[in-house]
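To keep things clear, I will list the structure first and then write my remarks on it.
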Amino acid sequence: MKTYKYIKIGALCIMNCALCTITVGCTDSFLDVDPATSTTTSNFYTTEENAESALIGCYNGWKRTQSSDTWGFYVVSELMSDDCFAGTGVTDATNYAVVDRFDQGQYAAGTSLLESAWDAYYVCIYRCNALLHYDAEGTIEWTSDDNRARCLGEARALRALCYFDMVRMWENVPLITDPTEDSNAPQADPDDVYALIVDDLKYAAENIPANAYPKSNMALNDGRVTRYAAEGILARVYLFYTGYYGKDLANLTKSEVVSYLDDIISSHEYALVDNFADLWPAASSVSMPDSEQWDPERTTYKELNSEVILQMKFNYTDNRYNDSEGYDGNRWLVMMGLRKANFSPYAYGWGMCTVNPATVKAFNEVDPRLKASIIDMEGEGVTEAIDMDEFLRDQREYTGYAVKKYTPLCYYDGVSAVPEHASTSAVQEYQYQPFIVLRYADVLLMAAELGGTPSMDAKSCLDAVRDRAGLPHVSVTQDNIMAERHYELAFEAIRYWDLLRQGVNTAANVIAISTTVQTGGSDVNYTVQASNIIAKRGLMQIPQNQITRSNGILKQNAGW
């Protein structure tokens with residue numbers, strides 16, 4: 001085993017559904033070169049079939065940026081927002097609280113936060129780079145130019161998605177575009193990272209055919225990056241960059257973004273589902289006959305629906321890509337469950353992301369998105385059904401509210417609604433609710449924010465979202481649009497970045513709070529200081545171990 005510097009990379013792929021490992025020789029770098037099979041890069045990237053298998057590996061790597069550990073972009077996004085407190089159990093490590101409060105303090109000293117996520121992103125990036133590299137070398141025999149462009153478009157989009165997560169969380173990251181053995185690449189200028197993100201997504205939007213994965217064939221396009229997904233993410237990139245940095249994005253204009261959003265809207269491939277709750281398994285569960293309990297198998301939820309443009313898929317069987325990586329379940333989902341409490345359809349979990357009561361109060365009380373998004377433990381009878389004394393003794397930062405959009409499920413008898421549910425490890429590894437990356441409501445609200453498109457004016461875009469919620473129309477102002485984004489997209493890893501793109505000071509002042517919550521059954525003070533967020537510019541800690549292994553090449557972000 002060689003010495004790791006700062007990036008741990010594995011280039012893995014499937015060939016004809018059989019597991020294999022591609023290995024590359026190196027010395028004292030970030031690649032583990034112990035060969036697992038005789039398959040190497042020199043003889044693998046030769047056929048279109050193998051290139052498609054390598055693309056599956058890129059998707060698997062992208063998925064594992066979220067599923068390889070309980071840390072990931074979703075968890076960080078919710079912890080840093082104003083919607084959630086850290087939560088978890090009273091005896092758990094306090095790393096989540098460190099992120100929640102933007103506070104290095106005594107807990108983060110010497111702690112390497114988010115290292116598994118950092119590693120997972122570079123694994124996925126390596127896989128994308130390898131596919132793109134061997135195509136550029138001319139070793140792959142494609143059956144058609146269209147197949148080549150579509151495959152490369154998906155790989156480039158996945159690389160862009162990884163870098164977009166990373167540059168928002170850490171800003172100062174190495175920009176690696178080749179399957180390189182250089183383990184000490186310096187941190188790049190964030191403008192260079194954004195330039196690659198935009199170029200990759202533009203290539204995907206222009207080269208993935210509109211009919212490659214049509215919405216009419218949902219089983220085919222489910223979990224794949226389509227032309228429309230690339231266009232929608234380009235709009236998200238534009239809005240974040242121009243807001244956070246307060247300047248134009250060099251290779252992406254507002255008019256281009258409006259045209260991309262118009263392409264999505266005018267395609268008529270997507271539509272808002274009639275009932276908002278149907279987007280979420282827990283919210284759409286219905287009661288058992290003659291029972292006040294709920295059953296996740298009696299549901300109006302449809303994983304494949306007209307609204308989802310891109311979602312990250314998980315499974316509960318095994319890792320079809322590489323057995324050594326473990327199962328491909330949604331590992332962070334169990335973190336969101338009620339702390340050691342089953343109340344169907346809600347299964348127990350680790351009690352993370354207790355919901356800020358201020359978020360609950362911000363909703364219009366007749367807004368159906370309130371009940372579909374948030375578990376009200378008292379209002380839904382949870383507090384009467386469980387041993388609250390035991391529950392409170394074990395829970396940090398209890399508020400009476402939890403996230404409903406993403407929560408593990410159980411049957412009416414309290415048995416976990418995952419396969420092989422008997423073991424605790426299965427509950428952690430077999431969660432399979434998809435993570436929605438982009439849906440049509442977000443596209444409409446981005447279009448409204450940008451003044452509308454040729455196919456749909458700003459007012460119609462905003463009205464459509466409020467019509468679905470059964471709420472009266474409001475004027476098209478920036479404040480109203482941002483408020484609507486909060487209610488519509490709460491707990492979807494979007495709120496924090498919407499705040500941050502309004503300016504670090506604005507985000508800090510919204511997130512800052514001093515209140516009282518219950519920890520271990522006793523009232524304690526909960527404080528987030530605006531000065532902590534401002535000092536860190538809203539960014540995360542570069543994992544300390546990565547800085548150490550780089551021998552000082554990597555520099556820590558300010559404030560950490």
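Only this structure's heavy atoms are used, side chains among them; waters, hydrogens and symmetry mates stay out. If you read the sequence from its start, that first residue is 1, and numbering goes on from there.
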Test item: side-chain donor near acceptor, [X] and [Y], under 3.5 Å:
X	Y	result
Asn557	Asn172	yes
Tyr74	Asn330	no
Tyr241	Asp191	yes

Rounded distance [0.5 Å steps], [atom1] in [X] versus [atom2] in [Y]:
X	Y	atom1	atom2	result
Asn207	Arg150	CG	CZ	11.5 Å
Leu462	Asn480	CG	CG	7.0 Å
Arg537	Met540	CZ	CE	14.5 Å
Glu171	Asp189	CD	CG	8.5 Å
Leu489	Asp83	CG	CG	11.0 Å

Legend entry - Single hit among Arg396, Arg339, Gln395 for side chain to side chain donor-acceptor pair (under 3.5 Å) with Thr88: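 With Thr88 as partner, side chain to side chain donor-acceptor pair (under 3.5 Å) holds for just one option, Arg396.
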Taking the six-membered ring for Trp, are [X] and [Y] parallel (under 30°), tilted (30 to 60°) or perpendicular (over 60°)?
X	Y	answer
Phe73	Trp497	parallel
Tyr121	Trp170	perpendicular
Phe240	Tyr244	parallel

Applying side-chain hydrogen bond (donor to acceptor under 3.5 Å, both in side chains), name anything that partners [X], two or more places apart in sequence or on another chain.
X	result
Asp200	Arg156, Arg159
Asp262	Thr453, Ser455
Thr300	Asp278

Legend entry - Evaluation steps, side-chain contact (heavy atoms from CB on, under 4.5 Å), between Lys202 and Leu252: CA-CA 9 Å; Lys202 280 186 172 182; Leu252 184 64; 3.8 Å; yes
In the structure I gave you, are the side-chain heavy atoms of [X] and [Y] within less than 4.5 Å of one another anywhere?
X	Y	value
Tyr440	Glu269	no
Phe85	Tyr398	no
Tyr487	Asn364	no

Inset, instruction - Could you walk me through whether Phe314 and Trp332 pass the ring-ring contact (aromatic ring centres under 6.0 Å, His included) test, one step at a time? - result: CA-CA 11 Å; Phe314 302 95; Trp332 57 258; 7.1 Å; no
Legend entry - Lys/Arg cation over aromatic Phe164: Arg168, 6.0 Å, 45° cone: yes
Legend entry - Reference residue Glu492; test salt bridge (Lys or Arg N to Asp or Glu O under 4.0 Å); the match among Arg236, Lys404, Lys405: Lys405
Legend entry - Pairs where residues 444-453 contributes a residue and the test salt bridge (Lys or Arg N to Asp or Glu O under 4.0 Å) is met, not counting sequence neighbours: Glu449-Arg501
Legend entry - Pair listing, salt bridge (Lys or Arg N to Asp or Glu O under 4.0 Å) test, anchored in residues 357-373, at least two apart: Asp367-Arg369, Arg369-Glu484, Arg369-Glu488
Inset, instruction - Taking atom CD of Gln556 as the centre, report whether more than 12 heavy atoms of other residues, nucleotides or ligands fall under 6.0 Å from it. - result: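 Yes, the 6.0 Å shell around CD holds more than 12 heavy atoms from other groups.
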Inset, instruction - Of all the heavy-atom pairs spanning Thr407 and Gly337, show the shortest one and how long it is. - result: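 Heavy atoms only, the tightest pair is OG1-CA, 3.9 Å.
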Legend entry - Non-hydrogen atoms of Tyr406 and Pro434 that approach each other most closely: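 Minimum heavy-atom contact is CE2-O, 3.3 Å.
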Inset, instruction - Just jot down the salt bridge (Lys or Arg N to Asp or Glu O under 4.0 Å) partners of Asp376, sequence neighbours excluded, or say none. - result: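 Asp376 satisfies salt bridge (Lys or Arg N to Asp or Glu O under 4.0 Å) with no other residue.
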Legend entry - Ring center gap for Tyr238 and Tyr260 short of 6.0 angstrom: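 Distance test on ring centres: not under 6.0 Å, no.
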